[in-house]
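Let me begin by presenting the structure, written as structure tokens, before commenting on it.
The model shown is predicted, which means the values in this text are computed figures rather than measured ones. Within every chain, numbering begins at 1; the chains are lettered A, B, ... in the order of the sequence lines, protein sequences first and strands thereafter.
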Amino acid sequence: MDAQYKPFEIERDAQRFWETHQCFKAIEDASREKFYCLSMFPYPSGKLHMGHVRNYTIGDVVSRYQRMQGRNVMQPMGWDAFGMPAENAAIQNQVPPASWTHQNIDTMREQLKSLGFAYDWSREFATCDAEYYRWEQWFFTKLVEQGLVYKKMSTVNWDPVDQTVLANEQVIEGRGWRSGALVERKEIPLWFLKITDYAEELLADLENIDWPEQVKTMQRNWIGKSRGVELSFDTRSNDGTDLEPLSVYTTRPDTLMGVTYMAVAADHPLARSAATDNPALGDFLAECAQGGTSEAELATREKKGMPTGYSALHPLTGRELPIYVANFVLMEFGTGAVMAVPAHDQRDWEFATRYGVPIEPVIADADGRTPDLTSGAHVEPGALINSGEFDGLDFEAAFEAIAARLSEMGRGEVKTNYRLRDWGVARQRYWGAPIPVKYGPEGQTVPLSDAELPVSLPLEVTVDASGSPLKKMPEFSDLGDGWVRETDTFDTFMESSWYFARFCCADNDSAMLDERADYWLPVDLYIGGIEHAILHLLYARFFTKLMRDFGLIQTDEPFQRLLTQGMVIAETYYRPTANGGKEWFNPADVEVSRDDKGRPLNATLVADGQPVEMGGIEKMSKSKNNGVDPQAMIDRFGADTVRLFMMFAAPPEQSLEWSDSGVEGAHRFLKRLWRLVAEHLAAGEPGRLESESLSDEQRELRRKTHETIHKASDDIGRRTTFNTAIAAVMELANAAGRFDDTSTGGLAVAREAIETCVLLLSPITPHVCHALWSELGHEEAAVDASWPRLDESALARDTIELVVQVNGKLRARLEVAADADKESIESQAMNHENVQRHLDGKTVRKVIVVPGKLVNIVVG
RNA sequence: GCCGGUGUGGCGGAAUUGGUAGACGCAGCGGAUUCAAAAUCCGCCGCUGUAAAAGGCGUGUCGGUUCGAGUCCGACCACCGGCACCA
């Protein structure tokens with residue numbers, strides 16, 4: 001064989017082989033166990049970035065591993081092709097979003113192919129294809145018929161200069177990112193999907209899926225199930241006339257006697273009514289309507305309020321309570337009003353302290369005393385005080401007693417509440433799937449019939465910064481006879497909520513899904529960024545249940561197992577600029593000098609030799625100019641090296657720091673592996689492996705081989721810690737390299753070790769393993785080889801090493817027979833010279849023997 | 001602000017169920033090979049200490065549980081992800 005590792009030839013040949021033999025075309029076969037492996041499909045933003053490479057390498061490693069386990073594997077790929085960046089590019093470069101998107105797809109498809117991923121490309125689609133989104137439109141009309149869709153007023157970010165709706169991302173410090181104008185909150189009618197109808201099932205079914213606990217916890221908290229009481233307060237205007245009762249929800253009815261004021265949202269009807277003859281309040285409401293709608297912005301805003309002059313009557317005492325407007329109460333949330341108990345809620349406490357509202361404790365502290373409220377609220381539940389007949393009751397009893405009293409009076413009921421809100425799916429944008437609805441001359445709202453579908457998006461458009469182009473295209477929106485089309489498009493989360501199902505039967509042009517979906521679903525392993533832990537993953541779960549209830553599929557959950565991969569990060573370098581900003585330099589253009597211990601001293605720009613500042617390690621991004629181009633790395637080292645480095649440098653869930661020298665190390669290992677095989681083949685023909693009559697050295701290498709099979713199988717199959725699997729294979733390769741027994745028996749043991757290395761690595765570095773497997777004389781291609789089988793008998797040992805501790809500190813190591821009994825281990829440990837030194841003059845109080853591990857002698 | 005996470009040598013990380021802290025790799029240092037360099041191979045490599053041992057210290061900080069804590073508990077600090085129109 002060629003003594004030199006030539007990655008480019010090898011990779012070209014392997015990829016050609018897989019393509020000619022259609023190795024990765026997945027065919028439904030009820031007699032075989034299926035494995036559906038899916039990585040989150042990319043948004044075609046231009047070029048592949050390192051985050052994609054990491055995501056798709058993980059998926060490919062698992063797919064190829066499962067294939068070697070004998071499973072019928074399906075790994076598809078497609079494009080999440082609708083979204084804002086295409087519109088932004090269109091505004092900047094005067095390119096229609098469709099052609100920009102398709103060009104990007106072509107570029108990125110080529111890049112994916114150069115990485116050798118085992119995709120079934122026959123299932124590929126882009127979500128901007130009408131053949132895809134027509135089914136989404138069709139399904140939406142069915143949901144309308146089912147009563148799972150409705151239209152209601154909702155708040156959006158309004159740019160008063162560009163006259164357009166802005167995404168939260170486009171609101172920077174309360175201003176429009178293009179116009180710089182102060183953003184206003186504006187109410188417009190929008191389409192909603194009733195995800196809240198499924199809140200309970202979305203919560204309960206988390207028990208049945210194999211997801212990271214942290215993701216499940218985030219989803220649970222997002223759904224936010226709580227048990228509380230909904231109650232109403234009578235209200236009066238400042239002149240004493242009765243108004244509509246004010247309804248609130250509380251999870252702490254036990255604190256009811258401590259309510260000292262009420263707070264309503266700025267857009268609550270009560271607030272609006274109070275503002276009609278109160279200009280100062282009107283100004284405050286206008287101030288509250290400024291800025292973005294995002295919860296992060298609202299929650300970090302300075303908490304402000306103003307009295308309405310109206311009052312509420314306490315349902316039990318009849319006491320008059322002032323009603324405030326507060327900028328932290330949201331109309332979207334619950335009833336848009338809260339009862340405030342400043343003694344036992346920190347936010348209420350801060351508000352009351354600021355505005356001089358009374359703070360009255362009604363819950364005792366842990367010692368049963370009146371809590372100290374000088375520096376904050378006392379939020380822990382406890383026994384009631386200052387609450388009349390309810391005094392002394394604990395949280396549970398008080399909850400029930402007060403709820404029962406309110407219920408008797410017809411003023412309130414126990415209620416289960418969810419934090420989850422319905423899903424607003426309408427966007428006032430062009431580059432998305434048109435919402436299939438029309439409006440009649442008498443104000444009718446009618447979902448389109450099957451015959452009227454699909455509503456194709458017109459592709460030749462001029463996009464500018466002022467609103468949706470569809471609104472300005474009568475040829476699209478005007479249907480004649482006074483009928484007009486809806487010009488809003490779907491949230492792009494709609495497309496990504498069911499694409500995994502469409503991959504099962506992407507070629508069906510007469511139905512959304514067919515029985516093939518039931519063969520492949522659920523996805524056995526789904527891989528993607530942790531940033532999708534809530535929204536995308538929750539919407540996809542919801543959509544799955546909708547499709548199930550409509551009879552399209554049978555599965556309850558889309559993704560049985562989930563792997564959330566970490567970010568790819570890299571060092572940043574900059575120079576301060578004259579205007580106080582920073583000019584960022586790409587790590588590829590910077591050289592770092594180090595001291596004699598390898599610590600970085602300083603960095604210089606290669607181009608001019610002048611120093612640059614080190615800005616710390618950050619997520620790879622355009623803004624910090626610290627992105628490393630995957631293509632440049634593939635062109636330099638080959639795909640296998642890039643894949644190996646990405647899998648080796650960190651476990652998949654953690655962030656991965658890019659390191660050029662780490663990549664070189666990975667490349668070096670592949671060269672060494674190549675040479676290992678070449679030298680082994682040159683050493684002669686191995687004989688038969690006689691596992692019963694091996695020398696000690698042969699037995700030791702063979703044990704290492706099978707220990708490695710054991711570890712790598714567990715690491716890849718169960719733990720998905722590819723880094724430790726690779727480390728184990730490196731150890732085995734190092735051991736095989738040191739092994740210089742060239743007898744026919746020795747060569748047989750070496751052959752087994754080397755073939756094991758090649759097979760265990762083949763999911764990770766498939767090209768080089770394809771070539772090496774063939775060099776090792778196998779007719780069958782590596783891609784069709786089975787995963788190595790573990791021989792338990794090869795793991796047996798005669799002696800094992802134990803450590804001896806004295807008071808928990810390591811003092812000696814012992815080599816003992818594997819079957820040694822406790823007494824002999826204890827006496828060997830006691831008699832060890834160094835142990836004796838530490839026992840000298842002390843009394844042995846206890847000896848702990850952990851079989852196979854250690855002995856701890858406790859002395860005093 | 002709220003929800004979730006992370007923190008171990010000069011660096012990436014390993015230690016899977018409470019039981020040897022630092023596997024594997026990178027960087028660095030020393031040597032071999034070479035006319036020389038690259039490549040390759042061999043050795044050393046937490047801090048401190050010693051002639052060499054022994055020993056002491058050490059997993060963000062402070063405290064606790066335990067024969068034994070990177071791992072469990074409490075408080076704190078720093079950083080990261082998400083917060084419903086970025087995808």
Practice task
If a protein heavy atom is under 4.0 Å from the base, mark B; if only from the sugar-phosphate, S; if neither, -; do that for nucleotides 75-81 of chain B going 5' to 3'.
Solution key: -----SB
Fill in the blank from the handout: Quick tally for nucleotides 11-18 of chain B: nucleotides whose base has a protein heavy atom under 4.0 Å get B, sugar-phosphate-only ones S, the rest -, giving -BSSSB--
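Considering only side-chain N and O atoms, A/Asn221 lies nowhere under 4.0 angstrom from the phosphate OP1 or OP2 of B/G82. Applying the 4.0 Å criterion to OP1 and OP2 of B/C86, one finds that A/His536 has every side-chain N and O outside that range. Listed pair A/Asn834 / B/G55 meets the phosphate criterion, a side-chain N or O lying under 4.0 Å from OP1 or OP2. Regarding contacts with the backbone of B/C2, every side-chain N or O of A/Arg347 stays at 4.0 angstrom or more from both OP1 and OP2. At B/C26, none of the side-chain N or O atoms of A/Ser659 fall inside 4.0 Å of OP1 or OP2 (strictly under the cut-off).
For the residue pair A/Ser226 / A/Asn417, no side-chain donor-acceptor distance below 3.5 Å is found, with atom types taken as modelled. Defined by atom type and a distance below 3.5 Å, a donor-acceptor pair is missing between the side-chain atoms of A/Thr164 and A/Asp159.
Of the listed residues (A/Tyr499, A/Phe493, A/Tyr133), just one forms a ring pair (Phe, Tyr, Trp, His ring centres under 6.0 Å) with A/Phe82, and that residue is A/Tyr133.
Annotation: salt bridge (Lys or Arg N to Asp or Glu O under 4.0 Å) contacts involving residues 643-659 of chain A, sequence neighbours excluded, comprise A/Asp60-A/Arg643.
To the nearest whole angstrom, the two P atoms, one in B/A87 and one in B/C73, are 39 Å apart. Taking atom C1' on both nucleotides, B/G22 is separated from B/G58 by 11 Å, rounded to a whole Å. If you take atom P in B/G28 and the same atom in B/U33, they sit 22 Å apart, rounded to whole Å. Distance check on atom P: B/A15 versus B/G4 gives 26 Å, rounded to whole Å. Across the C1' atoms, B/G7 and B/G55 are found 30 Å apart, a figure rounded to whole Å. Spacing of C1' atoms, B/U17 relative to B/G12, comes out at 27 Å, to the nearest Å. B/G60 and B/C41 have their C1' atoms separated by 40 Å, with the value rounded to a whole Å. Taking the C1' atoms as reference points, B/G70 lies 14 Å from B/U16, given to the whole Å.
A distance of 6.0 Å or more separates the ring centres of A/Phe648 and A/Phe669. Taking the centre of each ring, A/Phe328 and A/Phe351 come in below the 6.0 Å mark.
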Practice task
Evaluate ring pair (Phe, Tyr, Trp, His ring centres under 6.0 Å) for A/Phe645 paired with A/Phe637, printing each intermediate quantity in order.
Solution key: CA-CA 11 Å; A/Phe645 169 71; A/Phe637 298 105; 9.8 Å; no
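Shown here are the salt bridge (charged side-chain N to carboxylate O under 4.0 Å, His left out) partners of A/Arg419, two or more places apart in sequence or in another chain: A/Glu295. Every residue meeting the salt bridge (charged side-chain N to carboxylate O under 4.0 Å, His left out) condition with A/Lys711, not counting sequence neighbours, appears here in chain and number order: A/Asp715. The side-chain hydrogen bond (donor to acceptor under 3.5 Å, both in side chains) check on A/Arg347 picks up nothing, with sequence neighbours excluded. Judged as a salt bridge (charged side-chain N to carboxylate O under 4.0 Å, His left out), and not counting sequence neighbours, the contacts of A/Lys151 are A/Glu486. Checked against salt bridge (charged side-chain N to carboxylate O under 4.0 Å, His left out), A/Lys304 has the following partners two or more places apart in sequence or in another chain: A/Glu287.
When the nearest nucleotides of RNA chain B are assigned to A/Ser661 and A/Glu801 by heavy-atom distance, the more 5′-ward of the two goes with A/Glu801. Residue A/Lys303 is the one, among A/Lys303 and A/Gln428, whose nearest nucleotide of RNA chain B lies closer to the 5' end (criterion: closest heavy atom).
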Any N/O pairs under 3.5 Å between the protein and nucleotides 67-74 of chain B? List them or say none.
from: B/C67; atom 1: O2; to: A/Asn856; atom 2: ND2; distance (Å): 2.6

Which atom pairs link the protein and nucleotides 41-45 of chain B when you take only N or O atoms and keep those under 3.5 Å?
from: B/C41; atom 1: OP1; to: A/Arg675; atom 2: NH2; distance (Å): 3.1

Can you pull every protein N or O that's under 3.5 Å from an N or O on nucleotides 57-59 of chain B?
from: B/C57; atom 1: OP2; to: A/Lys809; atom 2: NZ; distance (Å): 3.3

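The closest side-chain heavy-atom distance from A/Ile530 to A/Val215 is below 4.5 Å. Contact annotation: the side chain of A/Trp658 approaches that of A/Val663 to within less than 4.5 Å [non-hydrogen atoms, C-beta and beyond]. Using a 4.5 Å heavy-atom cutoff, the side chains of A/Phe543 and A/Trp423 are in contact. In this structure, the side chains of A/Phe542 and A/Ser497 stay at 4.5 Å or more apart for every pair of heavy atoms.
As judged by a 4.0 angstrom heavy-atom cut-off over every strand, A/Gly529 is placed among residues making no nucleic acid contact. Residue A/Ala666 is classed as having no contact, given no heavy-atom separation below 4.0 Å to the nucleic acid. Heavy atoms of A/Val215 sit nowhere under 4.0 angstrom from any nucleic acid atom. When heavy atoms are screened at a 4.0 angstrom cut-off, A/Arg419 is found touching base atoms of the nucleic acid. Across all strands, A/Val165 comes closer than 4.0 Å to base atoms (heavy-atom distances). Residue contacts shown for A/Trp423 are absent, as no nucleic acid heavy atom lies under 4.0 Å away. Heavy atoms of A/Phe493 sit under 4.0 angstrom from at least one base atom.
Ion pairing of A/Glu679 with A/Arg672 is absent here, as no side-chain N (NZ or NE/NH1/NH2) approaches a carboxylate O to less than 4.0 Å. Ion pairing between A/Arg636 and A/Glu664 holds under the 4.0 Å rule for side-chain N and carboxylate O. A salt bridge is defined here as a Lys NZ or Arg NE, NH1 or NH2 lying under 4.0 Å from an Asp or Glu carboxylate O, and A/Glu297 with A/Arg301 meets this definition.
Heavy-atom neighbours of A/His832 NE2 from other residues, nucleotides or ligands within 6.0 Å: above the threshold of 12.
One interatomic measurement links the two molecules: CD of A/Glu495 to C1' of B/A87, which rounds to 12 Å at whole-angstrom precision. Taking atom NZ of residue A/Lys671 and atom C1' of nucleotide B/U40, one finds them 9 Å apart after rounding to whole Å.
With B/A87, B/A84, B/U40 as the candidates, the nucleotide lying closest to the side chain of A/Leu420 is B/A84. For A/His838, whose side chain is taken as the heavy atoms from C-beta onward, the closest listed nucleotide among B/G5, B/G55, B/G1 is B/G55. When distances are taken from the side chain of A/Ala296 to each of B/G1, B/G5, B/G25, the shortest belongs to B/G1.
Secondary structure note: stems in RNA chain B built from 3 or more consecutive Watson-Crick or G-U wobble pairs under 3.5 Å occupy B:1-7 with B:77-83, B:10-12 with B:24-26, B:28-32 with B:40-44, B:46-48 with B:55-57, B:60-64 with B:72-76.
In B/G9 the base sits syn relative to the sugar, since the glycosidic angle is no further than 90° from 0.
Remark: A/Lys152 qualifies as a cation-pi partner of A/Phe192 under the 6.0 Å distance and 45° angle criteria applied to the six-membered ring.
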